[in-house]
Amino acid sequence: MTAPVTAEAFSSAEVARIRADVPILARTVREDRPLVYLDSGATSQKPGSVLDAEREWYERFNAAPHRGAHALSEEGTEAYESARLRIAAFVGAAHDEIVFTKNATEALNLVAYAFSNAATGGGGGSGERFRIGPGDEIVVTEMEHHANLIPWQELARRTGATLRWIGVRDDGRLELDGIENVVTERTKVVSFTHQSNVLGTITPVRRIAELAREAGAVSVLDACQSVPHMPVTVTELGVDLLAFSGHKMLGPMGVGALWGRAEVLDEMPVFLTGGSMIETVTMESATYAPVPQKFEAGVPNAAQAIGLAAACDYLTDLGMARVAAHEHLLTARILEGLAERPWVRVVGPTDLTERGGAVAFVVDGVHAHDVGQVLDHEGVAVRVGHHCAWPLHRRMGVTATTRVSVHAYNTVEEIDVFLAALDLVPAVFGVSTTGAGAR
Amino acid sequence: MDLYQELIIEHSKRPHRAGLRQPFEAEVHHVNPTCGDEVTVRVHVSGAGPDAVLEDVSYDALGCSISVASASIMAQEITGHPLRDAATTYAAVRSMLTSKGVDQGDEEVIGDGVALSGVARYPARVKCALLGWMALEDALAQAGHALRGSENRTQEGTS
């Protein structure tokens with residue numbers, strides 16, 4: 001997970017080859033400036049092999065998987081299940097422990113609604129561990145993306161349980177002092193991020209998962225910002241359930257996955273109901289298919305699932321340890337560059353310890369939207385705003401930040417283009433660069 | 001770059017008529033959920049109908065240079081004017097901002113508002129420029145005044 005960097009970053013020639021695989025990187029923006037894409041934390045760009053895989057599905061296999069007995073349906077089912085197998089292998093899971101969803105948001109909502117269904121005795125799950133009500137507690141952290149916060153707020157509202165959270169320190173790390181007073185025997189679920197989508201902070205997953213286990217709580221990990229960027233073996237983290245999104249890992253939009261330990265998924269009530277997820281149905285009631293089918297109601301997003309499998313193949317060929325090493329190198333350059341500019345303040349960890357390649361910062365006296373606009377004018381695409389983590393921004397004392405985030409296809413030269421573009425900002429808005437305004 | 005004209009920077013750094021004042025008949029708080037920008041607008045109006053006068057428009061804006069400058073220009077251009085004139089100014093500003101750069105704005109009608117003409121070419125920023133105006137429209141509605149007549153409300157697209 002966060003082992004010291006052992007692999008080698010990509011050479012210039014290797015990055016050039018990766019870039020040649022990703023068609024969109026060749027385009028220009030805003031009066032023919034080369035696109036410098038530093039917004040992979042929002043969504044990543046796609047290699048041609050991913051696009052080809054999606055197209056191939058519709059040209060060769062298109063039929064409803066797991067329905068019908070004709071040749072296309074058989075081949076389509078095989079292609080769809082082969083995608084599941086390859087994605088499972090990519091994260092070190094058994095193939096029947098991967099549930100396809102629309103995205104990580106849906107995966108997290110699936111879990112939250114499973115708890116709700118257990119509370120009302122529905123959903124066909126047997127698990128006592130999902131039963132929640134007044135007096136029980138749900139634990140998240142203050143650095144969560146809204147996708148891992150609002151589903152739990154709503155679960156608390158529906159069931160009468162109480163929402164609690166692990167705080168964030170000024171340095172952008174989780175406040176672990178006193179965590180045993182937050183995760184207690186009343187805790188039924190602990191849902192937290194592996195890596196902050198804003199600060200880049202990597203959280204101590206094993207420790208928190210262990211506390212959850214000792215408390216008898218289900219642990220859920222939002223791995224949206226880790227699975228795309230570093231080697232992740234789901235079984236080594238100690239968590240029960242883990243969500244990730246396809247489009248952030250060079251895969252298509254519209255597909256994500258929920259991994260769960262087999263016995264946890266088995267006990268977990270269903271969320272969406274309908275076709276394909278049943279065992280038997282009468283007019284009065286239904287029984288449900290085994291995992292993972294019981295969580296996949298309706299005709300699935302097969303083309304996207306196959307596209308995601310192609311992305312996993314692509315990343316496997318690159319080597320995730322090397323992807324992580326490459327991003328580490330780029331992050332070092334970003335942090336160095338920002339540290340050289342006293343009028344810029346990084347929000348989050350300022351060193352490379354336990355942090356990934358998302359770096360948020362503020363230019364004192366200039367709103368993030370305005371920073372982003374100047375960068376955009378130079379062809380540099382970054383994210384501005386609160387990045388779907390409004391409470392975290394409030395905690396860090398800022399209304400909005402500018403965030404740069406990288407992936408395997410970014411170059412050191414692009415970081416330098418970004419820094420040069422950033423240097424245009426103070427003059428446009430007439431702010432001092434002496435650091436007088438910097439905190 | 002053309003978006004950030006000198007006038008916009010000036011208005012954003014030293015916003016005209018900023019701060020919340022008494023008296024007022026209505027106060028509203030609007031946010032832009034994509035970036036967290038916020039504006040509070042108060043209106044003080046005397047009289048009724050189109051001849052009613054906008055005695056005071058006071059505001060507290062927290063946001064990017066475009067949203068702050070737009071609120072500042074708004075307060076500057078309409079304070080002390082009859083509602084009828086404010087409605088004309090608003091319609092002209094909206095028209096310019098949603099024209100994708102076709103309508104450059106008439107300085108006779110919108111004054112410093114012409115400095116915002118560059119915003120129209122950046123669809124993501126149109127919302128920033130309209131934030132204060134939308135709040136004004138809402139505040140006036142709550143105080144019982146319509147800033148937009150039915151004739152010019154139907155055809156305008158949203159940003």
Side-chain angles (χ1 to χ4, degrees), chain A residues 29-31 33 39 42 145-147 149-150 198 347 360 362-403 420-432 437, chain B residues 1-16 18 29-40 59-73 97 100-101 112 115-135 159:
Chain A
V29 291
R30 306 282 186 212
E31 296 163 21
R33 288 182 173 79
D39 196 18
H145 187 285
H146 296 165
L149 172 61
I150 303 172
V198 178
V347 180
V362 291
V363 175
D364 281 304
V366 184
H367 190 278
H369 252 187
D370 294 322
V371 175
Q373 194 80 58
V374 172
L375 296 179
D376 173 66
H377 192 256
E378 301 302 311
V380 180
V382 299
R383 179 83 184 264
V384 296
H386 51 60
H387 326 306
C388 301
W390 209 333
L392 174 63
H393 277 73
R394 214 170 276 126
R395 163 62 189 90
M396 301 309 283
V398 289
T399 46
T401 55
T402 303
R403 180 190 70 185
L422 187 62
D423 283 336
L424 302 174
V425 170
V428 173
F429 300 98
V431 300
S432 160
Chain B
M1 48 190 298
D2 54 355
L3 180 61
Y4 295 113
Q5 296 189 23
E6 195 66 25
L7 209 48
I8 291 188
I9 304 298
E10 277 174 29
H11 272 284
S12 69
K13 289 180 113 68
R14 282 170 292 278
H16 295 213
H29 180 72
H30 278 212
V31 299
N32 181 347
T34 54
C35 57
D37 285 0
E38 304 179 45
V39 68
T40 303
Y59 64 94
D60 183 20
L62 181 69
C64 65
S65 63
I66 302 294
S67 71
V68 175
S70 186
S72 169
I73 291 168
L97 289 174
K100 299 188 163 57
D112 282 0
L116 293 163
S117 63
V119 176
R121 284 199 300 280
Y122 299 91
R125 304 304 295 277
V126 173
K127 246 186 209 167
C128 309
L130 280 173
L131 186 65
W133 286 94
M134 304 286 273
S159 55

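Reminder, nothing fancy here: chain letters follow the sequence lines and each chain counts from 1.
Contact annotation for A:Val366: neither backbone nor side-chain heavy atoms come within less than 4.5 Å of a heavy atom of chain B. Within the 4.5 angstrom heavy-atom criterion, only side-chain atoms of B:Leu3, from C-beta onward, approach chain A.
Contacts of A:Ala420 classified as side chain to side chain contact (heavy atoms under 4.5 Å, CB included), with partners at least two apart in sequence or in another chain: none.
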Chain B to chain A donor-acceptor contacts, backbone plus side chain, under 3.5 Å:
{"unit_1": "B:Tyr4", "atom_1": "OH", "unit_2": "A:Asp370", "atom_2": "OD1", "d": "2.8"}
{"unit_1": "B:Lys13", "atom_1": "NZ", "unit_2": "A:Phe429", "atom_2": "O", "d": "2.7"}
{"unit_1": "B:Lys13", "atom_1": "NZ", "unit_2": "A:Gly430", "atom_2": "O", "d": "3.2"}
{"unit_1": "B:Pro33", "atom_1": "O", "unit_2": "A:His386", "atom_2": "NE2", "d": "2.7"}
{"unit_1": "B:Asp37", "atom_1": "OD1", "unit_2": "A:His367", "atom_2": "NE2", "d": "2.7"}
{"unit_1": "B:Ser65", "atom_1": "N", "unit_2": "A:Asp370", "atom_2": "OD2", "d": "2.6"}
{"unit_1": "B:Ser65", "atom_1": "OG", "unit_2": "A:Asp370", "atom_2": "OD1", "d": "2.8"}
{"unit_1": "B:Ser65", "atom_1": "OG", "unit_2": "A:Asp370", "atom_2": "OD2", "d": "2.9"}
{"unit_1": "B:Arg125", "atom_1": "NH1", "unit_2": "A:His369", "atom_2": "O", "d": "3.4"}
{"unit_1": "B:Arg125", "atom_1": "NH1", "unit_2": "A:Gln373", "atom_2": "OE1", "d": "2.5"}
{"unit_1": "B:Arg125", "atom_1": "NH2", "unit_2": "A:Asp370", "atom_2": "OD1", "d": "3.0"}

